Asks: 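Structure below; questions to follow.
These figures come from a predicted structure and were not determined experimentally. Numbering starts at 1 and runs along the sequence shown.
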Amino acid sequence: MGRSGGEMEPLQVIASPRRLRILELVWDRELTAGEIAAEFDVSWSAISQHLTVLRTAGFVQERRTGTSRIYRADHAALGSLRAVVEEHWRGSLGRLKALAEAEERERP
């Protein structure tokens, strides 16, 4: 934790693969905490902690509707890190595409 009060540095926040995946899930849409947690094979508590880190950093916005907490990425809050996040996803998509093409070539 780099900042006073126990807050993480912005790069530390996005360095976690799970937090990057959460950002990806809520990048263009709102999801409830339960919908986000359903995408992972870890405890709800672990996902809740990741959401708290993202919210504290300002990278996701939380709104409450009844008993539900709904999350959405705050693109503006990411500032210059937005390009880093989007490049990571483009790179991941490029690797996935290359693997799929290689698999297709190997089929008889």
Side-chain angles (χ1 to χ4, degrees):
M1 312 265 174
R3 295 180 177 185
S4 62
E7 292 179 25
M8 297 176 99
E9 293 292 334
L11 281 174
Q12 288 176 307
V13 172
I14 65 166
S16 162
R18 285 195 181 110
R19 287 193 289 269
L20 272 175
R21 177 67 180 134
I22 291 169
L23 277 174
E24 184 177 15
L25 289 169
V26 298
W27 195 252
D28 293 322
R29 60 187 169 162
E30 291 185 327
L31 291 175
T32 65
E35 290 169 326
I36 294 167
E39 295 289 323
F40 296 91
D41 290 330
V42 295
S43 70
W44 157 247
S45 176
I47 297 304
S48 178
Q49 289 174 359
H50 287 300
L51 285 167
T52 297
V53 169
L54 288 166
R55 190 174 40 79
T56 300
F59 295 163
V60 296
Q61 297 175 342
E62 175 191 89
R63 72 178 174 87
R64 293 178 185 221
T65 301
T67 59
S68 295
R69 293 178 184 198
I70 301 168
Y71 296 89
R72 182 176 190 95
D74 186 341
H75 300 190
L78 280 160
S80 61
L81 291 178
R82 179 178 176 174
V84 172
V85 170
E86 289 176 333
E87 182 57 36
H88 169 77
W89 293 333
R90 277 193 295 277
S92 294
L93 287 174
R95 286 188 296 278
L96 183 60
K97 180 179 181 246
L99 286 171
E101 289 171 348
E103 184 176 301
E104 186 65 30
R105 284 191 300 271
E106 292 176 6
R107 289 187 179 168

Asks: Quick one: CZ on Arg69 to CZ on Arg55, what's the gap to the nearest 0.5 Å?
Replies: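 Separation between the atoms: 7.0 Å.
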Asks: With sequence neighbours excluded, tell me which residues meet side-chain contact (heavy atoms from CB on, under 4.5 Å) with Ala38.
Replies: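 Scan of Ala38 (side-chain contact (heavy atoms from CB on, under 4.5 Å), adjacent residues dropped) gives none.
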Asks: Could you list the residues that satisfy side-chain contact (heavy atoms from CB on, under 4.5 Å) with Ala37, not counting sequence neighbours?
Replies: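 Testing Ala37 for side-chain contact (heavy atoms from CB on, under 4.5 Å), a comparison that skips the adjacent residues, returns Trp44, Ile47.
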Asks: If you round to the nearest 0.5 Å, how far is CD1 of Ile36 from OG of Ser48?
Replies: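 So the gap between those two atoms works out to 10.5 Å.
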Asks: Considering non-hydrogen atoms only, spot the tightest contact between Val13 and Arg19 and give its length.
Replies: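 Result for this residue pair: O-NE, 2.7 Å.
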Asks: Locate the shortest heavy-atom distance separating Trp27 from Arg72; write the atom from each residue and the value.
Replies: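 Looking at all heavy atoms of both residues, the closest pair is O-NH2, 4.5 Å.
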Asks: Could you state the interatomic distance from NE2 (His50) to CG (Leu23), rounded to the nearest 0.5 Å?
Replies: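 Between atom NE2 of His50 and atom CG of Leu23 there are 11.5 Å.
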Asks: Quick check: is Ile70 connected to Ile22 through a chain of hydrophobic side chains (ILVMFWY, heavy atoms under 4.5 Å apart)?
Replies: no
Asks: Around atom CZ of Arg18, are there more than 12 heavy atoms of other residues, nucleotides or ligands at under 6.0 Å?
Replies: no
Asks: Would Leu25 and Leu51 show up in the same hydrophobic cluster when neighbours are defined by side-chain heavy atoms closer than 4.5 Å?
Replies: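 Yes, same cluster.
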Asks: For residues 58-67, which side-chain donor-acceptor pairs fall under 3.5 Å, sequence neighbours excluded?
Replies:
{"unit_1": "Gln61", "atom_1": "NE2", "unit_2": "Asp74", "atom_2": "OD2", "d": "3.1"}
{"unit_1": "Glu62", "atom_1": "OE2", "unit_2": "Tyr71", "atom_2": "OH", "d": "2.6"}
{"unit_1": "Arg63", "atom_1": "NE", "unit_2": "Glu30", "atom_2": "OE2", "d": "3.1"}
{"unit_1": "Arg63", "atom_1": "NH1", "unit_2": "Thr65", "atom_2": "OG1", "d": "2.9"}
{"unit_1": "Arg63", "atom_1": "NH2", "unit_2": "Glu30", "atom_2": "OE1", "d": "2.7"}

